[in-house]
Amino acid sequence: MTDSSRPQGRRMRQDDARRPEPRRGLLMGRPFGVPVYVAPTWFVIAAVITVLFAPTFESLFPDLGPWRFALSFGFAVLLYVSVLVHELAHAVTALRLGLPVRRITIQFLGGVSEIEKPETARHEFLVSAAGPVLSLVLGGLFWVIGLALDVDTLAGRMIALLAVSNLLVAAFNLLPGLPLDGGRMLRAVVWRISGRPLTGTIAASWTGRALAVVVVIAAAVWSLGADAGTRTYTLIFGALVAGFMWAGAVQSLRAERLRERLPELRVRLLTRRAIPVAADVPLSEALRRAQEEGARGLVVVDGGGDPVGLVREAAVLATPEHRRPWVAVGPLSRDLGPGMRVGADLAGEDLLVAMRAAPASEYLVVERDGGVYGVLSRTDVEHAFLAMMRS
């Protein structure tokens with residue numbers, strides 16, 4: 001399953017640049033330069049597979065004894081290696097098309113490749129189809145190898161299980177509903193026909209929700225006549241898969257609708273008017289001038305009038321009023337570092353990318369000729385972004 005990255009509605013703070021990226025699990029390596037993580041939830045499903053398949057191996061090979069658990073665990077590992085290969089197919093295809101790949105995470109219900117959203121329907125289809133195609137190839141390959149082996153041998157049984165598992169992974173992911181690969185392929189087809197990504201997402205999202213309902217019904221029917229333990233497991237697993245599909249379909253549609261509205265997030269509309277002040281000007285005097293001019297931003301300038309820093313709003317609010325006549329704006333400002341100058345015409349994803357690249361509480365907004373347009377507050381962008389998400 002692929003997961004195109006999208007702007008997140010998280011709280012953006014000035015110290016994001018110094019904060020290490022949250023751990024997403026155990027880093028297993030960087031094939032093709034893509035970091036691969038194993039989430040803690042994988043160990044849960046590995047334990048479940050180990051317990052569930054151990055009796056099967058014991059019935060097939062009574063002499064295994066305690067080794068049945070090791071063999072069952074080995075099958076769980078091989079199964080998820082196949083899932084990893086499936087995700088690497090997505091990642092390598094994306095890289096060849098020039099799309100950045102952030103990471104691959106192996107988790108409870110399979111794998112997730114975080115890939116930059118393709119800009120064309122063709123790229124979307126190719127990236128999405130790569131995983132199921134390779135799973136089908138692996139399933140066929142294991143099937144051919146299994147034909148040359150005795151199915152009653154340990155190796156023969158393992159190869160047969162891997163063949164069936166890869167074919168099931170391919171078949172499941174080809175279901176035409178988001179967030180599965182088949183849903184992304186359907187979205188690409190509708191996108192190509194309609195000319196709008198949102199139209200494709202709507203179609204694939206509702207198909208994904210319908211499939212989630214089908215999964216619940218199928219699990220209930222499948223469990224009829226089974227013993228209590230099997231029925232409970234089937235219903236719980238079916239509910240988990242259906243919940244995953246429903247939530248993924250809803251999230252995909254919400255993200256696409258947000259993406260269509262992102263161009264409304266424009267720097268010119270969010271910029272605060274600002275006035276220039278020298279670093280030694282008392283804060284109270286700077287605020288008085290700003291109030292007279294109807295400004296809400298303070299730009300620290302040098303002797304030649306060139307901007308050198310921005311007064312931090314948080315520092316102003318933290319300064320008691322009785323101390324403001326005795327505190328200069330210089331110590332309350334942050335020097336203009338790389339990335340803290342943004343163009344007045346910036347909008348949408350370009351704006352969010354620029355802010356992620358250089359986290360700060362305020363940015364100097366400049367015209368194309370270098371002239372100062374004003375000050376952009378990260379808080380204002382956050383509020384506009386969150387309002388856009390809620391609407």
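Checked by atom type and distance alone, the side chain of D335 never pairs as donor or acceptor with a backbone atom of G337 at under 3.5 Å. Side chain of R378 to main chain of M355: a donor-acceptor pair is present (N/O by atom type, distance under 3.5 Å, no hydrogens or angles). When atom types are taken as modelled, the side chain of S128 and the backbone of F125 share no donor-acceptor pair closer than 3.5 angstrom.
The shortest side-chain heavy-atom distance between V299 and L364 falls under the 4.5 Å cut-off. The side-chain heavy atoms of I104 and P35, taken from C-beta on, include no pair separated by under 4.5 Å. Looking only at side-chain heavy atoms (C-beta outward), V38 and L27 stay at 4.5 Å or farther from each other. Using a 4.5 Å heavy-atom threshold, the side chains of T207 and L178 count as separate. Using a 4.5 Å cut-off on side-chain heavy atoms (C-beta onward), F142 and L167 make no contact. A 4.5 Å side-chain heavy-atom check between V281 and V300 finds every atom pair outside the cut-off. Between I49 and F75 the shortest side-chain heavy-atom distance falls below 4.5 Å. Inter-residue side-chain proximity for V92 and R96 is flagged as met; some heavy-atom pair is nearer than 4.5 Å.
Listed here is the closest heavy atom pair of P197 and E260: CD-OE2, 4.4 Å. Closest approach of P338 and A358 over heavy atoms only: O-CB, 3.6 Å. The two atoms that bring M340 and E362 nearest to each other are CE-O, 3.5 Å, heavy atoms only. Nearest heavy-atom pair across A249 and S205 is O-OG, 2.8 Å. Minimum interatomic distance between L298 and A290 (heavy atoms only, all atoms of both residues): CD2-CB, 4.1 Å. Across P307 and R341, no two heavy atoms sit closer than the pair O-NH2, 3.5 Å.
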**OP:** Take D280 and V329, measure what side-chain contact (heavy atoms from CB on, under 4.5 Å) needs, and give me the verdict at the end.
**Re:** CA-CA 6 Å; D280 58 355; V329 297; over 6 Å; no
**OP:** Apply side chain to side chain donor-acceptor pair (under 3.5 Å) to the pair S82 and N166, showing each step before the final yes or no.
**Re:** CA-CA 7 Å; S82 298; N166 277 277; 3.2 Å; yes
Original post:
side-chain contact (heavy atoms from CB on, under 4.5 Å) between L134 and H86: does it pass, once the steps are laid out?
Top reply: CA-CA 6 Å; L134 188 54; H86 174 105; over 6 Å; no
**OP:** Step by step, work out the side-chain contact (heavy atoms from CB on, under 4.5 Å) result for V366 and V342.
**Re:** CA-CA 6 Å; V366 295; V342 299; over 6 Å; no
**OP:** Please step through side-chain contact (heavy atoms from CB on, under 4.5 Å) for the pair V301 and D306, ending with a clear verdict.
**Re:** CA-CA 5 Å; V301 296; D306 295 323; over 6 Å; no
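Checked by atom type, the side-chain pair E87/S113 shows a donor-acceptor distance below 3.5 Å. Residues Q291 and R288 have side chains that never bring a donor and an acceptor to within less than 3.5 angstrom of each other. Residues Y373 and R273 bring no donor and acceptor atom of their side chains to less than 3.5 Å of each other.
Note that the CZ atom of R68 and the OG1 atom of T50 stand 12.0 Å from one another [nearest 0.5 Å]. Taken from CG in L283 to CH2 in W326, the straight-line distance is 13.0 Å, to the nearest 0.5 Å. Atoms CG and CD, from L270 and E382 in turn, are 12.0 Å apart once rounded to the nearest 0.5 Å. The line from CG of L78 to CG of L161 is 10.0 Å long, rounded to the nearest 0.5 Å. Between the CG atom of D380 and the CG atom of L265 there is a distance of 10.5 Å, given to the nearest 0.5 Å. In this structure, CG in L180 is found 9.0 Å from CG in L174, a value given to the nearest 0.5 Å.
Open room surrounds CD on E321; 12 or fewer heavy atoms of other groups in view lie less than 6.0 Å from it. At most 12 non-hydrogen atoms from other residues, nucleotides or ligands lie less than 6.0 angstrom from CZ of R266. Around CZ of R268, the count of heavy atoms belonging to other residues, nucleotides or ligands within 6.0 Å exceeds 12. Atom CD of E264 is surrounded by more than 12 heavy atoms from other residues, nucleotides or ligands within 6.0 Å.
Judged by a 6.0 Å distance limit and a 45° cone about the ring axis, R187 is not positioned over the six-membered ring of W191.
Here E116 pairs with R102 in a salt bridge; the nearest charged N to carboxylate O distance falls below 4.0 Å. A salt bridge links R272 to E313: one of the charged nitrogens lies within less than 4.0 Å of a carboxylate oxygen. Salt-bridge formation is not detected for the pair E285/R324: no Lys NZ or Arg NE/NH1/NH2 atom is positioned less than 4.0 Å from an Asp or Glu carboxylate oxygen.
With hydrophobic clusters built from ILVMFWY side chains whose heavy atoms lie under 4.5 angstrom apart, M28 shares a cluster with L84. Side-chain heavy atoms closer than 4.5 Å link hydrophobic residues (I, L, V, M, F, W, Y) into clusters, and following such links, possibly through other members, connects L240 to I45.
When each of L175, V169, L168 is tested with F172 by the rule side chain to side chain contact (heavy atoms under 4.5 Å, CB included), just one qualifies, namely L175.
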